[in-house]
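Here the structure is laid out as structure tokens; the discussion comes afterwards.
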Amino acid sequence: MSAARWSYALNQWDTNIDTFVRKREHERALKTVSISGFSAVELTAASFGAWEPLGNPRQIRDLYGSVAAFGEVLRGCALDGISSYVYDPFIGFDVEMGRGHDPLDPSSAGPIAETSEWFAGTVRELGGSVLVVRPVGSAWQTGPLDDSQIEVLANLWDAVGRRTAALGVELALHVDFLSALRLGDGLDRLLAATDADVVGLALDTAELAVAGMDPVAVYRRHASRVRHVQLKDAREVVDEAEAMTPHAEQFVRTEGGRRGIERWFFEPTDEGGLVDFEAFVSALHEHGYAGWIVVESDQSPHPAESTMVSGWYVQKRLAPLLAR
Amino acid sequence: MATKWSYMDHWVTETPQGPLPPSFNRTYMDRYVKQLSALGFQGFDTFFFYLPMLQGMYGSVPAFEHFLQDNGFEKITGIFSAYPYATKHTAPHVRETHDRIVADCEYTLRGIEGLAGVENFIVMPSSTDWQTEPVTDDKIKIMADLWNRVGRITLEHGLKTTCHFEFWGAIRTRPQLELFFEHTDPEYVYFFCDTAQHTIAGVDPVQMFRDYKDRCTGFHFKDTKNVDTTGMYRTAPDPELMAPDVERWFYPMGEGGLVDFPSLMKEIVASGYDGWLTVEHDKAELGGGTYAEATCLAKWYIDNVLAEAQREAEAAL
Amino acid sequence: MDHWRSNSPSGPIDQWRSRRTMTRFLRQVAAVGFDAIDTFDFRYWQILEQYGSVANYQEFVQEQGLERIVNTFHGVYYEPDRYAPEVPETHATIVEDFKVTMDRWSGIQLDNVIVMPGSRFYDDHGPTDDQLKHAADVWAKVGEVTQQYGVNLTCHHEHYAGIRNRRQIDTFYAYADPRYVKFFVDTAQHCIADVDPVDVYEAHHERVTGFHFKDTRNKDVNEDYKLFPDAEVSAVTTEKWFYEMGTAEGLVDFERMMRSVRDHGYEGWISVEHDKADKLGGDYAESTAISRWYAKNVLDGIYAGAGA
Amino acid sequence: MKDTLRWSYAINAWNLRMDVFVRHEEQQRALKTLSVLGFDHVELASGMGGRWENLGTPEIILINHGSAEGLLAFLRRAGISGVSSWCWDPGQPAEETGYAFLMTRNPADHDAIVEAAKPFVDLLAAAGGDQLVVRPAGSAWMAPPLGDGDAGIVGSLWNRVGEVAAAAGVGVSLHYDCLQPFHTEEQLVSLLDATDPALVGLALDTAELTIGGIDPVAFYDAHHGRVAHVQLKDTRFQDAGQEYLTPGAEATMLKGGAGRRIERWFYELGTEGGLVDVEAFVASLRAHGYGGWVVVEGDKGGNATEVAMLNSWFLQRRLGVEKV
């Protein structure tokens, strides 16, 4: 049997600020994830005060009494706990809806490390093992990263990685399809510049595929650095020119760009898409991958259906590839 | 005892043309089967009127069953047939229409030829109460005659004709149920226990099972939050969707309804029943629910709550 | 009033998703006969990003057949150490915030900027007399600022907020300078808090500058208003608080409300608000149409009729 | 709508599947929606019959409302003053008629079809309706190609129904849909030629004609004398050739997209990429002094309410029609 474990990302339920707030809604989602064959969930850091009750440790505590009490809820729903938390440093937690810190700004290092530690402690307490972070802003904001910028980032994430490692939590850098790391050999350079012992890669199949990168090739190239996997599908590629659109987060990711793409991300299935999941998971197997595999739909007209369809695909097609 | 769970097909999903059954197209149907498969259902129950659609999508009904089997299902377990609305052509309480109904049943039986072994031919034994009134003993006997006749035919095809009683049907009270079973042949006519329908009609489904377990060939595990105490069962033309005080009658298990499922489960274990157990959701979308979520929660409840009741009952044997 | 969701291939979205979805939203609102829209001012950054400026956005609204943007709702989280009307130490921050806000929106002419006058999460006693006075003071200062832009500062009393019951509302307005602090009546919110919306309107009609016409089927009988994180979504027995006008079992007497509005000679805008209309299987588009039907077929006749 | 044209809206958009749109309050909500959008007449549509077709088949309508007057009173509660028309497909098996499978191309079925039409004609006439809109023949894929005599056979049936209807003061119009066998312009004209213009007209559906490869504007200009009824909707697609002959075309083409993944064919007026020139078509109706009903349809288009609102917007803002 493989040591890899399957988790599911809760973000698809949280479609708007005032949704997915009640405990009852959480419980229904958690039971849905459990009965579809997953053993944990991934949380996403958010700052919208009480309307994002799973968005950070303080809100978890405010709604559930304590992080430990939320852990009881997870186990009551027949899950082991959480696998991971996803944290974007551009989001601030000092005040609600606050603005966070730019990793390229050297003075951000302290606050980002502190917030990372805050989340990592909660990951640990809820049975998880990975803190997934957005390592740098978008390509349109930065252009290709120069050596000094890579150095700033490497210093930051090395420092953060050491602190989370002390808590028993691995740090994994996540590359999204608009990320500055898609330009040139940014990703390779950042990985080379960081300490392999404390900084890993979170490989997101769909984000890489939309960015025009082959996730299988990226995985093979960096297998030893991959600490976390997010599995989702996509059907459309965003080329470099489109990624450089000013405010691409709004105009490309949210609005769908000139093509009017209404949905970027899909459940991992065999229905056709950019990602070859079976090849990808076979590659994980070859390299003896032992971390979390988090299935995401990210966007879905129907979260429960997405979870179930993914559950089928994991149980019937993907998990057997790891069990060989 | 290993329980075998099947799923009764009322599913609705979001399509570009609005919320529709997954028979919308083959892709939706495939995904639907995979979703049920992911939860571990092994049996699939459907309505007679879906058979032509399945044939269209998969080439034949057996080809659809093969698709189910490729996804871990054992087979199609039940086919549901009914005449809820009485017409001059078909009305179980009108003897002159029986030939037509029997012919329809034979037609449905031809539609499932080649399947691995459908076990239940599930029928509503009557039409709506309001169209059958006054419900006399004679009318109940006429209906019993019909299903005796149908039961003999389906048994030749290996299916048991089994009766599913709606709270708004003409056979709804405990005395009516008893009279009906008295006049039907235990060899040809069986009992299908729908937990919610009986509860709404003021009949205790657990007691019903206890008393008719020898003739019971299946269950719809579904819940309700209301007993009809104001005669809503007589609402014309349809009490299920038009009852004045109740917009939604049916709920999934585990949502605070009236049915005591753990007790039923223990009773089932104690009886030695080894047939299929079926989850049915009906109108799960009313009030903002979804079929997918309702199905997950029901199966979660089975695996996490009913499984415990089952273990307790087995230990007590 | 800007709460809206519709289904999309990627799940439920609001109208701010793209210019395309905004177009569809505005056309639907216009089609049923609304003349204008309200919005939230926290949309400002999104407006800049998507439309370039507030004035451009209003032009976009006008292209779809609506007159203009009438009101904006100022959404801020109140925290005692940073930003809270009852806490004088934070008043400078609040006034400064409104200077910035009014500058941002100065490209168009609004009628009202709507605020929640008090914080939420109060204990059994509610705000003290002093705290109500502090709140009244700060809103008067803010009102002076907004009036320099020709805009009213007007207060909207949520059923779960600190100034919620009739006594608190009356005390607050007794302290608040009528020149600068106006009142915005939300029929459902008052009703949930067991405040008769018509009575409270009549008591304070001279300073009323707007309405949210929406209905509810429940009063808060469980002290839901104390609930964390948000009584509107967490209530114990009420999963959905708000319904459109004309709903069955609605508690608000809109006909009486409308007679009162007419009799007091109110000539400003009346806004229809749907909040969480999509809960329990509801649908924003349908609620929008049904409430406009009610306004046209029931309320317009009352308003046009002779004094009762 | 205040206009020289008479506008109505097809209520079937809400009746998505067999067990929805059954409760009276649901129907009231749809009717109020149409009323506030400026419509004061509706078009009814038959269905499978039975206890759930509360606005579909005569027998069930009468159980609900007692009489035509009762039906009208129900409509008036929502501000709708009447029924413009009723769509009926005699080939659709209905519960009240024992699910009889009748074919207009089979002369032996003609007596039964004329008989089945009578309750529709009677109730429509009593409710002040104008047109019985009928499907002239079953889907092309279900029967052999049209033979020389088919137009005559089918035409003779509709002349008979037309006589029955005329006696009650109601017109009969043959509805063109993209799956029925009188598919090309030539075939359609041959069918019209086989009917008596005094008894039978054409129900011109802009989207269906467009999908079938016929330009509705040109067709109307050429044949306006025969057009007795209009249904207005838009489409973004055309039959690529012979897709209407695909077995199970109702599902495989109109839901599955004949392999093209077109899962939705019908759209609101003025939709992006719409193929129907609605403005030109309506201008042509006005130019020819069209006196029948113009029924706007929103069926098979997703959220019925949103589509109705967008349709009304188009009438008000693009066609210059004022609301009532």
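By convention in this document, chain letters (A, B, ...) are assigned in the order of the sequence lines, proteins followed by strands, and residues within each chain are numbered from 1.
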Heavy-atom proximity to chain A below 4.5 Å, by part of B:L297: side chain
Keeping A:Q315 on the side-chain end and B:A38 on the backbone end, is there a donor-acceptor pair under 3.5 Å? yes
Going by side chain to side chain contact (heavy atoms under 4.5 Å, CB included), name the residues that satisfy it together with A:A45, two or more places apart in sequence or in a different chain. A:Y85, A:Y87, A:F93, A:F119
If you count every heavy atom of other residues, nucleotides or ligands that lies below 6.0 Å from A:R259 atom CZ, does the total exceed 12? yes
Contacting region of A:K31 [heavy-atom separation from chain B under 4.5 Å]: both
Rounded to the nearest 0.5 Å, what separates atom CZ in A:R28 from atom SG in B:C296? 10.0 Å
Using only non-hydrogen atoms and a strict under-4.5 angstrom cutoff, which residues of residues 33-42 of chain A touch chain B? A:S34, A:I35, A:S36
How many angstroms lie between NZ in B:K34 and NZ in A:K316, if you round to the nearest 0.5 Å? 11.5 Å
To the nearest 0.5 angstrom, please state how far the OG1 atom of B:T27 sits from the CD atom of A:E271. 6.5 Å
Should the pair A:E305-B:R31 be classified as a salt bridge under the 4.0 Å nitrogen-to-oxygen rule? no
Considering only residues two or more places apart or on different chains, which pairs with a residue in residues 303-324 of chain A satisfy ring-ring contact (aromatic ring centres under 6.0 Å, His included)? none
What part of B:N71 gets closer than 4.5 Å to chain A, counting heavy atoms only: side chain, backbone, both or neither? both
For chain B, which residues of residues 64-83 of chain A have heavy atoms nearer than 4.5 angstrom: A:G76, A:C77, A:A78
Shortest non-hydrogen pair, B:A292 vs A:H302, comes out as CB-CE1, 3.7 Å
